[in-house]
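Keep in mind it's a predicted model, so treat the numbers as computed, not measured. These numbers come from the heavy atoms of this one structure, side chains and all, not from hydrogens, waters or symmetry mates.
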Amino acid sequence: MLWLRLLLKNAFRHRLRAALTILGLVVAIASFGLLRTIVDAWYAGVKASSSARLIVRSATSLVIPLPLAYAERLRAVEGVTAISWSNWFGGVYVEPRNFFPQFAVDARSYLPLYPEFVLPEDQKLEWLRDRRGVVVGRTLADKFGWKLGDTIALRGTIYSGTWTFTLRGIFDGAEPGTDTGQMLMHWQYVNETMRARGRAGDAVGVYVVGIREPENAPLVSARIDAQFRNSRAETLTETEQAFQLGFVAMSEAILLALQAVSYIVVVIILAVMANTVAMGVRERASEYATLKAVGFGPPAVAALVAGESLVLALAGGLVAVALTLPLAAAFAGVAGSMFPAFLVSRETIALQLAVAAAVGLLAAAWPAWRMGRLDIVAGLRQIA
């Protein structure tokens, strides 16, 4: 208890200096946490992907569709348990900045492949009955204030014209990281409408394939691609995780930059913290000499210096963690549907506290070593 009182008294002796140091730590550690959360959010789709699902797309390009006739051949592949498909719709809601993912899917086969989408049974039945119905995730419904029965108009980009849908269901995520910021509509309705307008139909953007044994994903993928080798529309089959990583890889340079900046911020505050600790220790060299004169050994004196630094660092770290949560919520509101899930993970909070502790200890390393080796006579000479 005496040691704690001594640490607190010395750490906050110069209140303005301590307050400014803590403020700098708060800004740095909170920024570090927010940047790490942004990186985590970028990988959220990858982390949430299932090892029991494969994605089959055109081997030439993702924008080139596959024939609907491939579905029956895919069902016959050994190891495959379920088949569904989806097309990217790409509509605009009110204005382009209201971007969110929209997929035209085969509703009856799609939902069983995605058990992480929790949709009430009555809403599911309503959606299946209504060809012009859609379901949306909770995040999307909350953002735009949509309620069941609302009419939603989208201006088509890939599928031209104005499309009017009725909201029939709102799904939640089975896990906190589940993407609930997307809209699902009936592929059959979109397909029939485009055929009625004289455009080619029966085209699939990607097939979603459920497999029995996830460890056999490479083998099943090879079997699928072998089915369509040398055909007019060859396929590329990969795990859902690999498919998601393909999109993340497009932004890899940005992600590396964000990670680098997060650590640069920590290095800067480490330098500031080290200067603050060194300044305080230099001013109190005579006090440490007195402690050594009355029997405190070098390890005890060094521990006092390190303890003061650690108290300031952890104070700043705890405040930073408390601020990171509302900051992340505010950022998620601004970012809209850019990220599938924007949550501050427990790992990020633990890393923030670990970084704060590391900054405190590293900043005190040199001053603590110096005070541990301080000559008592030389230190006492500084007494005015």
Original post:
With sequence neighbours left out, which residue pairs that include part of residues 207-225 fulfil the salt bridge (charged side-chain N to carboxylate O under 4.0 Å, His left out) condition?
Top reply: Glu78-Arg223
Subject >> salt bridge (charged side-chain N to carboxylate O under 4.0 Å, His left out) partners of residues 79-89, not counting sequence neighbours, each pair once >> reply: none
Subject >> Listed partners of Asp106 passing side-chain hydrogen bond (donor to acceptor under 3.5 Å, both in side chains), at least two apart >> reply: Ser109, Gln188
**OP:** Mind checking ring-ring contact (aromatic ring centres under 6.0 Å, His included) for Tyr114 and listing every partner two or more places apart, or none if nothing turns up?
**Re:** Tyr110, Phe117
Original post:
Who passes side-chain hydrogen bond (donor to acceptor under 3.5 Å, both in side chains) against Gln182, sequence neighbours left out?
Top reply: Asp179
**OP:** Output the rest of the hydrophobic cluster of Ile211: all Ile, Leu, Val, Met, Phe, Trp and Tyr residues reachable through side-chain heavy-atom contacts under 4.5 Å, sorted by chain and number.
**Re:** Leu54, Val56, Leu66, Leu68, Tyr70, Leu74, Val77, Val80, Ile83, Trp85, Trp187, Val204, Tyr207, Val209, Val220, Ile224, Phe228
**OP:** List the steps, then state whether salt bridge (charged side-chain N to carboxylate O under 4.0 Å, His left out) holds for Arg53 with Glu116.
**Re:** CA-CA 13 Å; Arg53 291 192 295 258; Glu116 61 265 37; 2.8 Å; yes
Subject >> For the student: nearest non-hydrogen atoms of Ser309 and Gly360, plus distance >> reply: OG-O, 2.5 Å
Original post:
Should side-chain heavy atoms under 4.5 Å link Ile, Leu, Val, Met, Phe, Trp and Tyr, which residues sit in the same cluster as Val118?
Top reply: none
Original post:
Quick one: do the Thr348 and Ser345 side chains pair a donor with an acceptor below 3.5 Å?
Top reply: yes
Original post:
Other than Leu125, what residues sit in its cluster of Ile, Leu, Val, Met, Phe, Trp and Tyr side chains whose heavy atoms are under 4.5 Å apart, directly or through others?
Top reply: none
**OP:** Quick one: list whatever passes side-chain hydrogen bond (donor to acceptor under 3.5 Å, both in side chains) with Arg108, sequence neighbours left out.
**Re:** none
Original post:
Are Arg168 and Trp146 in a cation-pi setup, meaning NZ or CZ lies under 6.0 angstrom from the ring centre and within 45 degrees of the ring axis?
Top reply: no
Original post:
Who passes salt bridge (charged side-chain N to carboxylate O under 4.0 Å, His left out) against Glu72, sequence neighbours left out?
Top reply: Arg75
Subject >> Stepwise side chain to side chain contact (heavy atoms under 4.5 Å, CB included) check, Val190 with Met185 >> reply: CA-CA 8 Å; Val190 175; Met185 60 194 67; 4.1 Å; yes
Original post:
Got a sec, which hydrophobics cluster with Leu128, joining ILVMFWY side chains under 4.5 Å apart, including via others?
Top reply: none
Original post:
Under the side chain to side chain donor-acceptor pair (under 3.5 Å) rule, what pairs show up with a residue in residues 149-160, not counting sequence neighbours?
Top reply: Asn87-Tyr159
